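Within every chain, numbering begins at 1; the chains are lettered A, B, ... in the order of the sequence lines, protein sequences first and strands thereafter. All values reported here derive from a predicted model rather than from experimental measurement.
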Protein chains: 2
Amino acid sequence: MRIGELAEQVGVSVETIRYYERQGLLENPARSESNYRSYGGEATKRLGFIRQCRSLGISLKEIQPLLKLAEAPGAYCGEVDALLDEHIRKVREQRRDLAKLERQLKALRVDCHPSMQVRGCGILQDLALVTESESRKSADKKVSIRP
Amino acid sequence: MRIGELAEQVGVSVETIRYYERQGLLENPARSESNYRSYGGEATKRLGFIRQCRSLGISLKEIQPLLKLAEAPGAYCGEVDALLDEHIRKVREQRRDLAKLERQLKALRVDCHPSMQVRGCGILQDLALVTESESRKSADKKVSIRP
DNA sequence: GCTTGACCCTCAAGTCACTTCAGGGTTTCT
DNA sequence: AGAAACCCTGAAGTGACTTGAGGGTCAAGC
């Protein structure tokens, strides 16, 4: 199987496969006479595993040891649990943050003045810029300015 | 005000300020004789605005025109609305994705075999690696179990 | 007067997970 | 035989910063 076929099977770009190889997540495959990469069924599984992990938001760095573990059937798999727990914690946190963010954005959204001019735009005011008159009184500290 | 003070006021690193300057989001500040950046109160506001936007997940590229808009009191602010609407849409989508992700991760998490060995680990099996041929072949390999 | 340490400066490179580009060679179809 | 579709390598680009190297400046304390 050549790289393009593998890519299509797993639903990933050719460049991504080569990238994973460079990163040491996929073994260097056999090569054809014309130096084309040549893969067996193993590669599909390994790449599928990686993609599955990535779709769960697991980083490449975290996938590395998972792959090792997955290939050592007698090993202790508590590490997998731990990694997942930590990951679930992170995802939960992200979700909380995003929920808060959505509330903030929605609160902003209703906040535009009917004039539809920046002058009266509550959004921009809430975002805390729009100089009212405070910049006028900017007491001039004399600092020598470089050319 | 020197860069360190500004950084502390706004709660951002000195490097980040210099980065924003390079990106053209902050104007080149005045310089002291010894070439130190010297900021007035304006900078605090502008930087605060940027940080507020960033905390809402708005990209630097999107902040650029917002800043321009915020400084042109007579302009039409419908663009701000549009940007926010689009952003809210994105955030909602991200939240849906993350919720799904959390369900998947939790489903995985309960799935480890009582032996706590990779051999029987449902998680890794669900992640779809552990080839049968491999498992059989290496069934006799004694793999040390982590404490 | 001299050292120490906390600041400040610039420029360059590193991070993550890819993607894109430049400049080729090979295979397959017509 | 020529074109399209595939493959190769190596390098650079993305975003939003962070880190590092290699310096200069300034106030306080000895």
Side-chain angles (χ1 to χ4, degrees), chain A residues 1-26 28-39 43 46-67 87 90-91 94 97 101 143-147, chain B residues 1-26 28-39 43 46-67 83 87 90-91 94 97 101:
Chain A
M1 183 171 35
R2 298 197 305 196
I3 196 170
E5 199 186 335
L6 175 60
E8 200 174 359
Q9 263 191 31
V10 182
V12 84
S13 87
V14 165
E15 291 79 19
T16 300
I17 296 178
R18 289 199 276 247
Y19 173 72
Y20 287 165
E21 185 184 319
R22 278 201 304 283
Q23 298 311 110
L25 288 165
L26 294 173
N28 291 12
R31 296 289 184 132
S32 77
E33 273 178 32
S34 50
N35 199 30
Y36 286 10
R37 288 168 179 82
S38 169
Y39 298 94
R46 202 171 162 107
L47 184 53
F49 181 84
I50 296 172
R51 290 312 294 176
Q52 181 67 20
C53 290
R54 286 294 299 128
S55 81
L56 296 172
I58 298 171
S59 74
L60 295 186
K61 202 175 269 177
E62 288 168 324
I63 292 173
Q64 191 84 272
L66 277 184
L67 274 166
H87 206 66
K90 274 191 229 158
V91 168
Q94 267 186 61
D97 290 352
L101 177 51
V143 180
S144 66
I145 298 169
R146 281 232 173 164
Chain B
M1 182 172 36
R2 298 197 305 194
I3 196 170
E5 199 187 333
L6 175 60
E8 200 174 0
Q9 264 191 29
V10 182
V12 85
S13 85
V14 166
E15 292 78 19
T16 300
I17 296 178
R18 289 199 275 247
Y19 173 71
Y20 288 165
E21 186 184 318
R22 277 201 304 284
Q23 297 312 110
L25 287 165
L26 293 174
N28 292 12
R31 297 288 184 132
S32 77
E33 274 177 31
S34 50
N35 199 30
Y36 288 7
R37 287 169 179 81
S38 169
Y39 298 94
R46 203 173 161 105
L47 183 52
F49 180 83
I50 295 172
R51 290 311 295 176
Q52 180 67 20
C53 289
R54 286 294 300 128
S55 82
L56 295 172
I58 298 170
S59 73
L60 296 186
K61 204 174 268 177
E62 287 169 323
I63 293 173
Q64 191 84 272
L66 278 185
L67 274 166
L83 197 150
H87 207 67
K90 276 191 227 157
V91 169
Q94 267 186 62
D97 290 352
L101 178 52

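Atom CZ of A:R37 and atom P of D:dC7 are 10 Å apart (whole Å). Between the CD atom of B:Q23 and the C1' atom of D:dC17 there is a distance of 9 Å, rounded to whole Å. The separation between A:L25 atom CG and C:dC16 atom P is 12 Å, rounded to whole Å. In this structure, B:Y20 places its OH atom 8 Å from P of D:dT18, rounding to the nearest Å. Summarising the geometry, the separation between CD on A:E5 and P on D:dA5 is reported as 18 Å, rounded to the nearest angstrom. Atom CD1 of B:I3 is separated from atom P of D:dG24 by 20 Å (rounded to the nearest Å). When the C1' atom of C:dC11 is taken as reference, atom CG of B:N35 falls 14 Å away, rounded to whole Å. Atom pair A:Q64:CD and C:dA17:P shows a separation of 12 Å (rounding to whole Å applied).
At the phosphate of D:dT9, neither OP1 nor OP2 sits under 4.0 Å from any side-chain N or O atom of A:R18. At least one side-chain nitrogen or oxygen of B:R31 sits closer than 4.0 Å to the OP1 or OP2 atom of C:dT10. Of the side-chain N and O atoms in B:R22, none sit less than 4.0 angstrom from OP1 or OP2 of C:dT10. Side-chain nitrogen and oxygen atoms of B:T16 include none within less than 4.0 Å of the OP1 or OP2 phosphate oxygen of D:dA16.
Applying the side chain to side chain contact (heavy atoms under 4.5 Å, CB included) rule to A:S55 yields the partners A:Q52; only residues at least two apart in sequence or on another chain are considered.
The only option from A:V12, A:L26, A:I17 that meets the side chain to side chain contact (heavy atoms under 4.5 Å, CB included) definition with A:I50 turns out to be A:L26.
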Open item on the list: How would you summarise protein contacts on nucleotides 22-30 of chain C per nucleotide, using B for base, S for sugar-phosphate only and - for none, with heavy-atom distances below 4.0 Å?
Closed with: ---BBS---

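Comment: A:R46 does not engage A:E21 in a salt bridge, judged by the lack of any side-chain N to carboxylate O separation of less than 4.0 angstrom.
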